[in-house]
Amino acid sequence: KTATLNDDDGTPGLSVGDTVSYTFTVTNNGNVTVSNIEVTDPTATVSGAIIASLAPGVSNSSAYTASYTVTQSDIDSGSFDNTATATGDSSTGTDDVTGSDTESTNLPEGPAIEVVKTVSSITDDGDGSTGAGDTINYQIAVTNTGNVSLSNLALADTLKNGDGTVLSLAAGPTFSSATGSSTGNTLAVGESATFIANYLMAQSDVDSGEVSNSVVASATSPLNTSVSDTSDDGDDNDGNIIDDGTVTIIAQFPSIEVAKTATLNDDDGTPGLSVGDTVSYTFTVTNNGNVTVSNIEVTDPTATVSGAIIASLAPGVSNSSAYTASYTVTQSDIDSGSFDNTATATGDSSTGTNDVTAVDTASTTLSGSASLSLTKTATLNDDDGTPGLSVGDTVSYTFTVTNNGNVTVSNIEVTDPTATVSGAIIASLAPGVSNSSAYTASYTVTQSDIDSGSFDNTATATGDSSTGT
């Protein structure tokens, strides 16, 4: 009996459905003719016709053939043993001459396994963005791509973030389902089993920019051959089609904001707002992005800043204690009615230096109070040529204009409806400053003035504040 293994089921390589074809050579090795010879094979399908007669020393190789279809159990066992029997009649009996032969056909095993790991979904923690606290859900599909059944199926998972830090799954891998009868430990040829796992992302993962996950599936063949495969991500359009890890890219949104609060202090020893008072500032820096920001510094070009760099600020966290600032009020600030001051907070994201900035402007109202006082001094002059007080004598006046408010007053003019005023407009007068030289006036005494015994005369000083004319 001679066996030939045929790959004729349409699937390349040895697989269920391939056939073994047999040829039979029957030889009469006795010394009498044998007739009515029939070949039987209980496990194969035999074709042919009875050999009518076979003389001693003669063989027949054409009368019978047989065929057998390979099963999975045959492949799993590694070979197929098959026995055929030839039976004939001697000249003295019926079916009294027999011969048999067993043929063992080698069925080479080809154990193989393939695993694909994908992200099935990401469960948000309620904040509406991918980040710390979200859960990555994985699906692992393991397929028996060989030609023998597999057992002792095991999965070994490797998880790390973009910094290379090794991580641990929160749950799994756990068997979920199969296309056949597998419960997670075995795989029939062509069968796929699905496993699930998940990972809870930490802030350090978001800061690193990604989470990469791969799994090695291993199993054993019936002949105790070990096979394994490292997972693919199921995406053959990413430039890597073999054993590439399943990478979850985490979009990074580095962002901070700074809130500046101003307090006006009356601390120069002079009651009320005046030059030398200070404005003190506090700064609240908040991380309103989704990645940690480090080395945060607050600067303010017009104020004196005190504090130390904020080493690190996690998303959603604020710092109100690291920095303060102080500014000394000037006359121009008071004259303008307010002081606007802008501070800048600058920090480092996980991917850059000084690449995260925020600004805030605080406007401090400086309530000005414009006020002038006018002091008028009169001198009676006996200058008409007649000794003693008489009509024609004059009264000369000097004026002292004082700014007793807290804002600069400009374009100051002195008027006197009953006297003749001489002088020029005072261009500007700072708070606390007086001018006694800009204006004078003269009045000529009349008889009615002398008759009344006195002469009252009123002068007015008028100027412009920073907010009016």
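If you check the side chains of Ser121 and Asn137, you find a donor sitting under 3.5 Å from an acceptor. Using modelled atom types, one finds a donor on one side chain and an acceptor on the other under 3.5 Å when comparing Ser350 with Gln252. No hydrogens or angles considered: a donor-acceptor pair under 3.5 Å links the side chains of Ser318 and Thr286. Inspection of the Asp416 and Thr418 side chains reveals an N or O donor paired with an N or O acceptor under 3.5 Å. For the residue pair Thr145 / Glu114, no side-chain donor-acceptor distance below 3.5 Å is found, with atom types taken as modelled. Side-chain contact of Asn404 with Ser371: a donor-acceptor pair under 3.5 Å is present, judged by distance alone. Inspection of the Asp340 and Ser363 side chains reveals an N or O donor paired with an N or O acceptor under 3.5 Å. Using modelled atom types, one finds a donor on one side chain and an acceptor on the other under 3.5 Å when comparing Asn6 with Ser21. Between the side chains of Ser448 and Asp451, no donor-acceptor pair is found at a separation under 3.5 Å.
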Full working for side chain to side chain contact (heavy atoms under 4.5 Å, CB included) between Phe195 and Val142: CA-CA 8 Å; Phe195 297 79; Val142 186; 4.1 Å; yes
CA sep, side-chain torsions, deciding dist, call: Asn319, Ser321, side chain to side chain contact (heavy atoms under 4.5 Å, CB included): CA-CA 6 Å; Asn319 183 303; Ser321 60; 3.7 Å; yes
Audit row: Leu372, Leu374, side chain to side chain contact (heavy atoms under 4.5 Å, CB included) steps and yes/no: CA-CA 7 Å; Leu372 292 175; Leu374 177 63; over 6 Å; no
Criterion side chain to side chain contact (heavy atoms under 4.5 Å, CB included) on Val70 and Leu5, from CA distance to verdict: CA-CA 9 Å; Val70 176; Leu5 179 62; 4.2 Å; yes
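Summarising the geometry of Val247 relative to Ser212, their closest heavy-atom pair is CG2-OG, 3.8 Å, with the distance given to 0.1 Å. Across Thr408 and Ser428, no two heavy atoms sit closer than the pair CG2-OG, 3.1 Å. For Tyr281 against Ser326, the heavy-atom pair with the smallest separation is CD1-N, 4.5 Å. Nearest heavy-atom pair, Leu429 versus Asn403, reported as atom, atom and distance to 0.1 Å: O-ND2, 2.7 Å. Residues Ile412 and Tyr439 share a closest heavy-atom pair of O-OH, 3.7 Å. Closest approach of Ser454 and Ser452 over heavy atoms only: O-OG, 2.8 Å.
Judged by distance alone, with hydrogens and angles left aside, the side-chain atoms of Asp124 form a donor-acceptor pair with the main-chain N or O of Asp127 at under 3.5 Å. Looking at Glu191, its side chain does come within 3.5 Å of a backbone N or O of Gly180 through a donor-acceptor pair. Formation of a donor-acceptor pair under 3.5 Å by the Asp266 side chain with backbone atoms of Gly272 is found in this model. Of the possible polar contacts, none joining the Thr365 side chain to the Ser367 backbone as a donor-acceptor pair under 3.5 Å is found. Between the side chain of Gln203 and the main chain of Asn290, a donor-acceptor pair closer than 3.5 Å is present.
Of the residues listed (Asn198, Leu159, Asp157), the one engaging Tyr138 in a side chain to side chain contact (heavy atoms under 4.5 Å, CB included) is Leu159, and it is the only one. Considering Asp267, Thr328, Asp268 in turn, Asp267 is the only one that fulfils the side chain to side chain donor-acceptor pair (under 3.5 Å) rule with Thr278. Exactly one of Ser218, Ser228, Ser192, Ser231 qualifies for a side chain to side chain contact (heavy atoms under 4.5 Å, CB included) with Val115. That residue is Ser231. When each of Asp333, Ile334, Thr270 is checked for a side chain to side chain contact (heavy atoms under 4.5 Å, CB included) with Val275, only Ile334 meets the rule. Considering Thr186, Leu187, Asn224 in turn, Thr186 is the only one that fulfils the side chain to side chain contact (heavy atoms under 4.5 Å, CB included) rule with Ser151.
Looking at heavy atoms from C-beta onward, Leu150 lies in side-chain contact with Pro111 at the 4.5 angstrom threshold. Residues Asp348 and Asn354 form a side-chain contact, since some pair of their non-hydrogen atoms from C-beta on lies under 4.5 Å apart. Side-chain contact between Thr282 and Thr284 is absent, with no heavy-atom pair separated by less than 4.5 Å. Under the 4.5 Å side-chain criterion, counting only non-hydrogen atoms from C-beta, Glu257 is not in contact with Asp360. Considering only heavy atoms from C-beta on, Thr346 stays 4.5 Å or farther from Thr299 through its side chain. Counting only heavy atoms from C-beta outward, the side chains of Asn161 and Ser204 approach each other to under 4.5 Å.
Here the OG1 atom belonging to Thr230 is positioned 11.0 Å from the CD1 atom belonging to Ile113, to the nearest 0.5 angstrom. To the nearest 0.5 Å, atom CZ of residue Phe399 and atom OG of residue Ser436 are 11.5 Å apart. Taken from OG1 in Thr130 to CZ in Phe253, the straight-line distance is 8.0 Å, to the nearest 0.5 Å. Atom CG of Leu153 sits about 9.5 Å away from atom CG of Asn144, to the nearest 0.5 Å. Between the CG atom of Asp233 and the OG1 atom of Thr118 there is a distance of 9.0 Å, given to the nearest 0.5 Å. With rounding to the nearest 0.5 angstrom, the OG1 atom of Thr158 is 10.5 Å from the CG atom of Leu167.
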